[in-house]
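Following: one structure in structure tokens, then a few remarks.
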There are 4 protein chains.
Amino acid sequence: MEQHQRPLGRPRSEDARLAVLRAVDDMLVAEGYAAMTMKGIAERAKVGRQTVYRWWSSKAEILLEASAADAARELTVTPGVDAESDVTAFLTALRDFLTRSDAGLAYRALLGEAQHDDRVAELLRGTDVLGDAARACIAGVRARGALAGVPEAGADLLVAELVGPVLFQTLVTGRAAEPEELSGMARRFLAR
Amino acid sequence: MEQHQRPLGRPRSEDARLAVLRAVDDMLVAEGYAAMTMKGIAERAKVGRQTVYRWWSSKAEILLEASAADAARELTVTPGVDAESDVTAFLTALRDFLTRSDAGLAYRALLGEAQHDDRVAELLRGTDVLGDAARACIAGVRARGALAGVPEAGADLLVAELVGPVLFQTLVTGRAAEPEELSGMARRFLAR
Amino acid sequence: MEQHQRPLGRPRSEDARLAVLRAVDDMLVAEGYAAMTMKGIAERAKVGRQTVYRWWSSKAEILLEASAADAARELTVTPGVDAESDVTAFLTALRDFLTRSDAGLAYRALLGEAQHDDRVAELLRGTDVLGDAARACIAGVRARGALAGVPEAGADLLVAELVGPVLFQTLVTGRAAEPEELSGMARRFLAR
Amino acid sequence: MEQHQRPLGRPRSEDARLAVLRAVDDMLVAEGYAAMTMKGIAERAKVGRQTVYRWWSSKAEILLEASAADAARELTVTPGVDAESDVTAFLTALRDFLTRSDAGLAYRALLGEAQHDDRVAELLRGTDVLGDAARACIAGVRARGALAGVPEAGADLLVAELVGPVLFQTLVTGRAAEPEELSGMARRFLAR
DNA sequence: AGCTAACCGAGACGGTACGTCAAGTCTTTTC
DNA sequence: GAAAAGACTTGACGTACCGTCTCGGTTAGCT
């Protein structure tokens, strides 16, 4: 007996989907988030307007889908010689992500939008890119024996103290941290 | 001979100015930043649309003028018994500002807008509410003898490490920090 | 050698055809001509959209097929006692058709559409419901000896003078003629 | 005490109004009623879309305003030698209006639309171009002593019998009446 | 007292994006 | 190969806000 794997009707066009994601990526870099419009995305992707609305309900949703994978990849660091170098590597990746990467630009735009649109805030909460990456980093250094005296319970607090300073520098002062600042943060983070 | 202190013509109406600022304050709380429009502000303030555009070039500018004073006031803490309690008090004020205050809601909206609008970013950089308040707090505890071994040069880094964690919690996780978390942050901040 | 009387493949579904015609009839009465759409017809008939397009090229065409038979039947009058009563009966049937009948509603919609769509005008000219019925009526009274002095040549003019007044009342003033008005028209028509 | 003759705010632009009316006139002849859209009108008139919607709620409304004056003028006939020539002149004007004039094209489009849009029907009823002109013609011949035996009460019926035949020829058969047909109609109309 | 300048409110102006809807076509599976 | 399902492109719909302009009218300092 055969299984009905496919639903009835014409299947969703992968071409259209990719064209939209690519268009959003391009437009964000080329024109900025504010200048991006649903209409413009559809036109740039050479896709019907309805097709965009059928699959995504806002430009934030498209942008998240377009950048989430890149973001996660860019924030994954391969273990190095010791815990401190691992944390420093993570903070460096975080700085680069937030200040230089296209995916990071998208993330900042989304985080910004989340501050005055609850739907975007909720959307962003569902895919906690920064938190997940930070937790992975912390788990890594714990596996090396670092942070031995720190209870598992306050994980969220740890994440905040690890990520917060670099985030502040990016969002508020717009300045990229220097390498020695990052290694200092890493050292103090592990010395708690 | 008398000086022309006043420009020619009808002077600016203080009534109109206050009506606009009040309208913006009200609307931010009542309807949110995204739903606020220049047209709506003018109508709510019972003021001509041109009058708004004459004095402010964007809703961000109005919002900044409407909330900057409140923000600075809410982030000023009176010295307590020791350095740690001062820092804890500052962090508590910061948390309340960001999560509970109307002025803080305005600040978050502006910080959000700054992520995808360079003009707002520049505007916000001109009045570094959070940084100024943090620097004042740090100067206070330095006057008490704390942070003795830390050079003045890295002031920006100090500010980032002081403010960053609470900022991360607010912007990214949307969670208000617990008192014990705040005192822990203060203790570790002074222990560097 | 075998004869293929039937074309290859799945035969046209009579069910689908009737479902569409019925749907159009229902929708015209329920929602009006303007609110009727090809999409809506297909959905109401529970028929694929392409199936509708395969067999009819416009909603006017469907409507004509759905109402032509009814229209012709409603405008056929059985002979009565004399010529004048026949003409009066025809005018009464015409009035009822135009102002009360569903088929008449369809005819008015089509006639309206024909005023700003040449394709519909042509379509309608191919099936001159009103003219045919009027000609039949005139032939009937001629068989009775009436209109003896009127040449056959001006048949179109006769039709216009017979049908025109009631048509004007319906289309322009939207008022249904009174019985005494109709018999007056019939009397004057035969008195020429 | 001063009178406020003008309403507050910027006054309506007569240029914009005329540009829209002219655009509608042009488009009707050039492209036909069905192809006319609110968007197209605004673009052709080089006027904002909102400006069109601010003053008219449908293309029917614009078209009526654009053609009503022309229509009334074209249907006004100057008295001639006798009643019959007056009626013939009116019927000739009516035929020309319905089959040749731009204003008549507009009227036919509106009358058509009225058959499947009640709002247009009501609109058209408010300005009964054909009826008014016919009543004027009838009043004229009455002043000459014609139609002496016909009571004033059935004025609507008279109008229907006068206008109906030509209307039928135009709307249904799409044929323009011959001069001898028109004079025949006039003769029979007065012979009642 | 009159003049000039810049303000005030109201609201129309040309634009443009919004999100929805229908048109007509195309692609896939099912009958 | 027709039928049904449903995604596709196109483009009009009516609404809202954008920033500008054009009114009548007001409020000051300066002749």
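No hydrogens or angles were tested; on distance alone, nothing pairs the side chain of D:Arg49 with the base of E:dG15 as donor and acceptor under 3.5 Å. Counting atom types as modelled, B:Gln50 pairs a side-chain N or O with a base atom of F:dC21 as donor and acceptor under 3.5 Å. You won't find any donor-acceptor pair under 3.5 Å spanning the side chain of B:Arg12 and the base of E:dC7, going by distance alone.
Mapping A:Arg17 and B:Pro11 onto DNA chain F by nearest heavy atom places A:Arg17 closer to the 5' end of the strand. With the nearest nucleotide of DNA chain E identified for both D:Arg54 and A:Leu8, D:Arg54 has the one nearer the 5' end.
Rounded to whole Å, atom C1' of E:dC31 lies 13 Å from atom CG of C:Asp15. Distance A:Glu14 CD to F:dA7 P: 15 Å, rounded to the nearest Å. The distance between atom OH of A:Tyr53 and atom P of E:dA17, rounded to the nearest whole Å, is 11 Å. Protein atom CH2 of B:Trp56 is 17 Å distant from nucleotide atom C1' of F:dG19, rounded to whole Å. Atom-to-atom, CD1 of A:Ile62 to P of E:dG19 comes out at 10 Å; the value is rounded to the nearest Å. Protein atom CZ of B:Arg10 is 14 Å distant from nucleotide atom P of E:dA6, rounded to whole Å.
Applying the 4.0 Å criterion to OP1 and OP2 of E:dA12, one finds that D:Thr51 has every side-chain N and O outside that range. Side-chain nitrogen and oxygen atoms of B:Trp55 include at least one within less than 4.0 Å of the OP1 or OP2 phosphate oxygen of E:dC8.
Put simply, the side chain of C:Gln115 gets close to the backbone of C:Leu111: a donor and an acceptor are under 3.5 Å apart. Judged by distance alone, the side chain of A:Glu61 and the main-chain N or O of A:Ser57 form a donor-acceptor pair under 3.5 Å. With D:Ser67 contributing its side chain and D:Leu63 its backbone, the two residues share a donor-acceptor pair below 3.5 Å. Between the side chain of B:Lys59 and the backbone N or O of B:Tyr33 there is at least one donor-acceptor pair closer than 3.5 Å.
Of the residues in residues 22-47 of chain D, those with a non-hydrogen atom less than 4.0 angstrom from any atom of DNA chain E are D:Lys46, D:Val47.
A cation-pi contact, defined as under 6.0 Å to the ring centre and within 45° of the axis, is absent between B:Arg17 and B:Trp55. In this structure, B:Arg119 is not positioned above the aromatic face of B:Trp56 in the sense of NZ or CZ being under 6.0 Å from the six-membered ring centre and within 45° of the axis.
Between D:Arg108 and D:Glu113 there is no salt bridge, since no side-chain N of the basic residue sits under 4.0 Å from a carboxylate O of the acidic one.
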